[in-house]
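Here is the structure we will look at, set down as structure tokens.
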Amino acid sequence: MKRFSLLLLVLFLSNCSNVADSTTQIDDNNRPTIPITESGVFNLSEVASATLEVSLNNWNTFLQNYDLNPANDNKIVSKFSFINRSGLVVLDSVGLRLKGNTSRRRPEGSTGELHNAFNPDWHHSHFGLDFSKYRDNQRFRGLEKLNLKWFKDDASCVREIYCYDLFRRFGCWNAPRASYCRLNIHVQGDATPAYFGLYEIVENIDEDFLKKNQNYWGSGVGFLWKGGWSGSNNANFVSTASIGVENVNINPALSVYYAYDLKTRKSELPAAKAELLQFISDLNTKTGAAFQTWIEGRMDVPLFLRTYAVNVVVGMWDDYWVNGNNFYFYFAPNGKAYFIPYDYDNTLGTSQIIPNSGTQNLLTWGNMTQRPLITKILAIPQYQTLYKNYITQLTSNSNDLFVSTKSIPRIQSWQNMIAPYISNDTGEDMLIEDTPAYWGNQPNYRLKTGNNQGGTNGPGNYFTTKKLSVLW
């Protein structure tokens with residue numbers, strides 16, 4: 001077994017493609033940000049290999065739980081193996097669950113069916129791993145949790161990878177990390193594992209993430225909220241009708257959802273809710289100089305505007321400004337609140353709600369009346385200027401950031417690296433293609449080719465079109 005593992009490692013390393021490391025960036029406080037290409041788990045110069053090994057009984061329970069409630073968060077026990085340049089890690093008793101909202105799927109077969117060892121019908125699904133669920137303090141290279149995402153609706157297999165990489169290139173240390181892996185799932189008793197193909201490894205936003213960044217926002221763990229939709233309520237920092245701790249039960253009738261979902265120190269909900277309510281009240285009632293003084297004391301405003309500059313440049317239409325959705329908000333021990341970007345797979349030309357994400361005005365990107373967290377800050381002249389300057393830096397030809405001459409080679413290098421691993425046993429997503437999601441409202445955008453005419457006159461290049469939308 002040891003010789004076999006060593007052989008796997010040697011073969012894997014010999015097939016890794018190299019991508020040049022970028023220089024360390026500097027944030028607004030002249031602090032070096034975390035390097036873009038990292039050793040350990042998140043390394044964009046290699047394609048790691050991960051294997052989940054599950055007993056037949058647990059896998060069937062997994063399928064049956066989905067049938068009872070597709071949104072359930074129930075975990076089963078899995079063995080986890082991971083190999084990359086840093087070596088081989090094998091952990092048993094890892095918690096495995098399904099993830100995703102509208103993208104959540106049954107990983108095998110149809111409703112009511114159990115595992116078919118002879119003619120399985122595999123489906124791509126998003127998975128979440130919890131390394132300490134069944135073993136206290138167990139970690140995978142310092143991580144308590146990890147997310148495995150398939151490239152749903154992104155035939156280019158680069159959109160979210162590109163966005164998280166761009167955040168970090170631009171000094172947004174508050175963004176999670178991501179990289180590639182090949183995923184195998186072995187139901188015990190099957191002759192061979194099922195190869196689920198190319199997946200994205202995404203850092204989880206949790207207590208370990210907060211502690212990792214304590215040099216920025218203070219030691220200890222504050223109150224972390226996840227913002228999204230619950231019924232008719234969203235996390236717009238105006239309404240306060242939906243605040244709490246979600247409980248997703250195997251029985252849908254007993255499940256409870258909130259627009260603001262507390263993720264840390266859940267037993268202290270009253271104190272956490274009071275802090276959030278006070279923040280929302282001050283945000284909406286303070287004006288003029290009093291508002292500016294307050295927001296500068298409560299947020300790292302330059303970091304927030306850096307984050308939003310990246311956000312609008314990559315065309316994120318499903319987070320706070322447009323949809324009141326898909327973000328984390330952290331009340332840190334240092335007394336400030338931080339916006340944490342999240343879920344960037346539907347970007348770079350894939351869009352809805354916004355008429356055209358490549359040409360939309362970057363000063364009026366989303367809702368201008370019900371999103372005070374961004375609109376009131378941009379109403380302050382010096383901060384609007386700072387926001388514009390960040391966008392100018394991102395789209396400058398001299399910076400290795402967003403422009404087509406820098407982005408296209410970066411994307412091509414990743415696609416060259418992952419191309420051998422696309423074909424898989426699900427039979428889904430078997431080609432790398434330069435197209436946005438089929439359901440998007442601008443089907444003509446391309447990442448590596450196309451003109452600069454906004455997708456209205458044949459295929460349009462997203463990067464060149466977006467650069468032309470910067471009108472200052």
Side-chain angles (χ1 to χ4, degrees), residues 23-34 163-175 213 216-217 237 279 282-284 286-317 319-322 327-330 332 334-342 344 347 354 357 359-369 371-403 406 463 466-472:
T23 57
T24 300
Q25 305 293 307
I26 302 296
D27 73 5
D28 286 297
N29 295 308
N30 202 37
R31 297 172 298 199
T33 63
I34 298 168
C163 292
Y164 286 144
D165 179 65
L166 185 63
F167 275 120
R168 302 178 77 75
R169 286 175 183 269
F170 199 51
C172 297
W173 51 266
N174 51 321
N213 289 302
Y216 293 105
W217 48 38
F237 287 101
F279 181 90
D282 289 342
L283 175 65
N284 285 277
K286 292 183 181 295
T287 60
F291 171 76
Q292 183 171 346
T293 299
W294 173 80
I295 198 66
E296 289 172 351
R298 288 296 276 144
M299 291 189 71
D300 183 339
V301 178
L303 176 64
F304 178 60
L305 294 178
R306 265 185 186 269
T307 304
Y308 246 100
V310 176
N311 189 81
V312 299
V313 161
V314 300
M316 175 52 155
W317 56 274
D319 85 328
Y320 170 71
W321 197 349
V322 180
F327 67 93
Y328 286 84
F329 202 70
Y330 180 47
N334 67 0
K336 293 195 173 185
Y338 293 83
F339 182 93
I340 300 172
Y342 173 75
Y344 279 72
T347 53
I354 284 179
S357 63
T359 60
Q360 178 81 5
N361 189 316
L362 303 183
L363 287 173
T364 56
W365 179 252
N367 189 309
M368 297 302 292
T369 60
R371 303 294 186 268
L373 187 65
I374 182 67
T375 57
K376 290 188 72 170
I377 291 175
L378 289 183
I380 300 171
Q382 73 185 67
Y383 286 131
Q384 184 175 127
T385 298
L386 184 60
Y387 171 75
K388 290 179 178 179
N389 288 342
Y390 286 150
I391 291 174
T392 299
Q393 292 174 34
L394 281 164
T395 56
S396 169
N397 291 330
S398 62
N399 294 327
D400 188 8
L401 296 169
F402 177 81
V403 293
K406 307 294 185 178
F463 298 108
K466 193 69 173 188
K467 183 174 173 60
L468 289 176
S469 73
V470 181
L471 301 177
W472 48 83

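The analysis underlying the following values was restricted to heavy atoms, covering all of them including side chains, and did not include hydrogens, waters or symmetry mates.
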Checking Asp319 side chain against Phe327 main chain: does a donor-acceptor pair fall under 3.5 Å?
->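 No: the side chain of Asp319 does not pair with the backbone of Phe327.
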Expected output: side-chain Gln384 to main-chain Ala379 donor-acceptor under 3.5 Å |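 No: the side chain of Gln384 does not pair with the backbone of Ala379.
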Cation-aromatic face contact Arg306/Phe170, 6.0 Å, 45 degrees |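 Arg306 over Phe170 ring: yes.
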Measure from NZ or CZ of Lys376 to the centre of the six-membered ring of Phe291 and say whether it is under 6.0 Å with the direction within 45° of the ring axis.
->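 Yes, Lys376 lies over the aromatic ring of Phe291.
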Interatomic distance, [X] atom [atom1] to [Y] atom [atom2] [nearest 0.5 angstrom]:
{"X": "Lys406", "Y": "Phe463", "atom1": "NZ", "atom2": "CZ", "answer": "13.5 Å"}
{"X": "Tyr387", "Y": "Ile374", "atom1": "OH", "atom2": "CD1", "answer": "6.0 Å"}
{"X": "Arg168", "Y": "Cys163", "atom1": "CZ", "atom2": "SG", "answer": "14.0 Å"}
{"X": "Asn213", "Y": "Asn174", "atom1": "CG", "atom2": "CG", "answer": "8.0 Å"}
{"X": "Leu394", "Y": "Lys466", "atom1": "CG", "atom2": "NZ", "answer": "11.0 Å"}
{"X": "Tyr320", "Y": "Arg371", "atom1": "OH", "atom2": "CZ", "answer": "6.5 Å"}

Please find the pair of heavy atoms, one from [X] and one from [Y], that lie closest to each other, and give the distance.
{"X": "Val403", "Y": "Ser396", "value": "CG1-O, 3.6 Å"}
{"X": "Trp365", "Y": "Ser357", "value": "CH2-O, 3.5 Å"}
{"X": "Tyr383", "Y": "Leu305", "value": "O-CD1, 3.4 Å"}

Only one of Phe279, Phe304, Trp217 forms a ring pair (Phe, Tyr, Trp, His ring centres under 6.0 Å) with Tyr330, so which one is it?
->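 The passing option is Trp217.
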Residues Tyr216 and Asn334: side-chain donor-acceptor under 3.5 angstrom =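 Absent: no donor and acceptor within the cut-off.
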